[in-house]
Amino acid sequence: MRHEKATRLLDLARMLAGSAEGLTLDEMAQALDVGRRTAERMRDAVWAAFPQMEAIDDPPTKRFRIPSGLDSLFQTPTAEELAALRTAADSLRASGAESRAASLHALEAKLLSALRGSARRRVAPDVEALVQAEMIAVHAGPRPFEEESVLATIRTAIKGLSALSFRYEGGSTPGRTREVTPLGVLFGRSNYLVALEGKGGKPRSWRLDRMTDLKALDKPAPPPEGFSLQAFADESFGIYHDEIQDVVLRIKPKGAEDALRWRFHPTQKVTQEADGSVTVTFRAGGMRELAWHLFTWGDSVEIVAPQVLKDKMVEELREAGRAHGAW
């Protein structure tokens, strides 16, 4: 128990050393999943161990941070952490995400080079053993387009709050040069830039593999106040954004166990019914992609609502049937 408490205090110290703007007591409590009074006691214990910690006024509250960072004695990564980093990098490389894989491998090299010789020799055999014993399965599907120069230009524009121009070989007018306010990148089966074109419009998704001649322009283009890339992504089941629907799915008892472990959507609510079935509800657009996914559940799922999703599922079934001679 004492060891666990010491570990939790060290975790908090790392958070305070890793935050540029510092953390409030409420943020500490949320990150550590404890009450505010417990967070206060933990902060005081860390302050006693690291007197260089400072308090910053941020009315109506205060923020706390350790500006000088922590000594390497407290920062030595474990074999499990290094193995997880290597596995994630190898998984990205296997899926075609060369740029992000290279970044993670570079980070691993920096971490290892920062270790003292004895610590590096002690952890290396365990890392290799774990890497050989743990793999991430790469599922069938398209390899995402991820060219380093494209991502570098987008990131330059995002960091500089500047406009981005590119020639787009998709949409209704292929080949037209676009000038947009870049908001972020969504990585998935295909990778997309999320951006605003013009004033007063809504964010749109642009496939990276259809973009050429990218330039970060010397023109201010800050994102709209309050924009959240996560909130934008949550509006859709997949990538495509259309009208948001109230989705209600009933998973029959034979698929209930899988449904309880499955995440259909970040905003979902899951209810176990008396008959053994499971009801899943959430709000999202992207009914075509949702219909594609529901195919994988076979007859274990029933679409309760909306009607547009039922119609889309029937349409996809008919198209598949015609393609294979069923109709």
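Considering only heavy atoms from C-beta on, Leu164 stays 4.5 Å or farther from Lys215 through its side chain. Pro67 places a side-chain heavy atom less than 4.5 Å from the side chain of Glu54. No side-chain heavy atom of Val46 sits less than 4.5 Å from a side-chain heavy atom of Leu10. Side-chain contact between Arg167 and Arg176 is absent, with no heavy-atom pair separated by less than 4.5 Å. At a threshold of 4.5 Å between non-hydrogen side-chain atoms, the residues Thr281 and Asp246 do not count as touching. Residues Leu151 and Leu208 form a side-chain contact, since some pair of their non-hydrogen atoms from C-beta on lies under 4.5 Å apart. Inter-residue side-chain proximity for Phe232 and Val194 is flagged as met; some heavy-atom pair is nearer than 4.5 Å. You'll find the side chain of Lys310 stays beyond 4.5 Å of the side chain of Val314, heavy atoms only.
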- Task: With salt bridge (Lys or Arg N to Asp or Glu O under 4.0 Å) as the test, would you mind laying out the steps for Lys254 and Asp299 before giving the verdict?
- Result: CA-CA 10 Å; Lys254 66 179 182 179; Asp299 64 350; 2.7 Å; yes
- Between Arg93 and His105, does a side-chain contact (heavy atoms from CB on, under 4.5 Å) hold up when you go through it step by step? CA-CA 10 Å; Arg93 176 157 289 163; His105 281 301; 3.6 Å; yes
- Message: Run Arg8 and Asp11 through salt bridge (Lys or Arg N to Asp or Glu O under 4.0 Å) and show every step you take.
- Response: CA-CA 5 Å; Arg8 300 266 285 169; Asp11 287 340; 5.9 Å; no
- Give the intermediate values and the outcome of side-chain contact (heavy atoms from CB on, under 4.5 Å) for residues Glu40 and Arg37. CA-CA 5 Å; Glu40 278 189 282; Arg37 286 291 301 144; 2.8 Å; yes
- Under the side-chain contact (heavy atoms from CB on, under 4.5 Å) criterion, do Thr279 and Glu273 qualify, and how do the steps go? CA-CA 7 Å; Thr279 299; Glu273 307 295 351; 2.7 Å; yes
- Item | Verdict with reasoning, Met28 to Arg36, per side-chain contact (heavy atoms from CB on, under 4.5 Å) | CA-CA 8 Å; Met28 293 181 215; Arg36 183 182 170 89; over 6 Å; no
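Phe264 and Phe282 have parallel rings, their planes meeting at less than 30° on a 0 to 90° scale where 60° marks the start of perpendicular. The aromatic rings of Phe237 and His293 are tilted relative to each other, their planes meeting at an angle between 30° and 60°. Below 30°, between 30° and 60°, or above 60°: for Trp47 and Phe64 the angle between ring planes is above 60°, a perpendicular geometry.
With Thr156 contributing its side chain and Ala152 its backbone, the two residues share a donor-acceptor pair below 3.5 Å. Of the possible donor and acceptor atoms, none in the side chain of Arg65 sits under 3.5 Å from a partner among the backbone N and O of Met15. Panel note: side chain Arg250, backbone Ile303; no donor-acceptor pair is recorded below 3.5 Å. A distance-only check finds a donor-acceptor pair linking the side chain of Thr153 to the backbone of Ser149 [under 3.5 Å]. Between the side chain of Gln268 and the main chain of His265, a donor-acceptor pair closer than 3.5 Å is present. Side-chain N or O atoms of Glu81 include one that pairs as donor or acceptor with a backbone N or O of Thr78 at under 3.5 Å. Remark: side-chain polar atoms of Thr87 are paired, donor with acceptor, to backbone N or O of Ala83 under 3.5 angstrom.
Separating the NZ atom in Lys312 from the CG atom in Leu309 is a distance of 10.0 Å, to the nearest 0.5 Å. Between atom CG of residue Leu294 and atom OG1 of residue Thr296 there is a gap of 7.0 Å, rounded to the nearest 0.5 Å. Taken to the nearest 0.5 Å, the CG atom of Leu16 stands 10.5 Å off from the CD atom of Glu27. Atom-to-atom distance recorded for Phe50:CZ and Leu9:CG is 9.5 Å, nearest 0.5 angstrom. Rounding to the nearest 0.5 angstrom, the gap separating the OH atom in Tyr168 from the CG atom in Asp213 is 14.5 Å. In this structure, the separation between CD on Glu319 and NE2 on His324 is 12.0 Å, given to the nearest 0.5 Å.
Taking hydrophobic clusters as Ile, Leu, Val, Met, Phe, Trp and Tyr residues chained together by side-chain heavy-atom distances below 4.5 Å, Val308 shares a cluster with Leu317. Taken together through direct or relayed side-chain contacts under 4.5 Å among Ile, Leu, Val, Met, Phe, Trp and Tyr, Ile251 and Val304 form parts of separate hydrophobic clusters. Hydrophobic clustering places Leu186 together with Phe227 (ILVMFWY residues linked when any side-chain heavy atoms are closer than 4.5 Å, directly or through intermediates). Each of Ile154 and Leu161 belongs to its own hydrophobic cluster when Ile, Leu, Val, Met, Phe, Trp and Tyr are linked at side-chain heavy-atom distances under 4.5 angstrom. Linking Ile, Leu, Val, Met, Phe, Trp and Tyr whenever their side-chain heavy atoms come within less than 4.5 Å puts Val247 and Leu260 in one cluster.
With a 6.0 Å radius and a threshold of 12 heavy atoms from other residues, nucleotides or ligands, Glu257 has its CD atom at or below the threshold. No more than 12 heavy atoms of other residues, nucleotides or ligands lie within 6.0 Å of CG in Asp33, so this atom counts as exposed by the packing criterion. The local environment of CD in Glu197 is crowded, with over 12 non-hydrogen atoms from other residues, nucleotides or ligands closer than 6.0 Å. Environment of CD in Glu21: crowded, with over 12 heavy atoms of neighbouring residues, nucleotides or ligands closer than 6.0 Å. Shown here is Glu148, whose CD atom has no more than 12 heavy atoms of other residues, nucleotides or ligands within 6.0 Å. Heavy atoms from other residues, nucleotides or ligands lying under 6.0 Å from CD of Gln272 number 12 at most. Atom CG of Asp44 sits in a crowded spot, with more than 12 heavy atoms from other residues, nucleotides or ligands closer than 6.0 Å.
Between Pro182 and Ala157, the closest heavy-atom pair is CG-CB, 3.9 Å. Between Arg210 and Gly170 the shortest heavy-atom distance is CD-CA, 4.1 Å. Ala221 approaches Ala163 most closely through the heavy-atom pair CB-N, 3.3 Å. The nearest pair of heavy atoms linking Gly201 to Leu196 is O-CD2, 3.4 Å. Closest of all the heavy-atom pairs between Leu217 and Ser162 is O-CB, 3.2 Å. Of all heavy-atom pairs spanning Leu229 and Gly184, the tightest one is CD2-CA, 4.0 Å.
For the pair Lys219 and Glu179, the salt-bridge criterion is met [side-chain N within less than 4.0 Å of a carboxylate O].
Take Arg207 and apply the salt bridge (Lys or Arg N to Asp or Glu O under 4.0 Å) test, not counting sequence neighbours, and it matches Asp209.
Side-chain contact of Arg100 with Ser103: a donor-acceptor pair under 3.5 Å is absent, judged by distance alone. Using modelled atom types, one finds no donor on one side chain facing an acceptor on the other under 3.5 Å when comparing Asp26 with Thr24. Between the side chains of Gln230 and Asp234, at least one donor N or O lies within less than 3.5 Å of an accepting N or O. Residues Glu169 and Thr212 bring no donor and acceptor atom of their side chains to less than 3.5 Å of each other.
Residues Tyr192 and Trp206 keep their aromatic ring centres 6.0 Å or farther apart.
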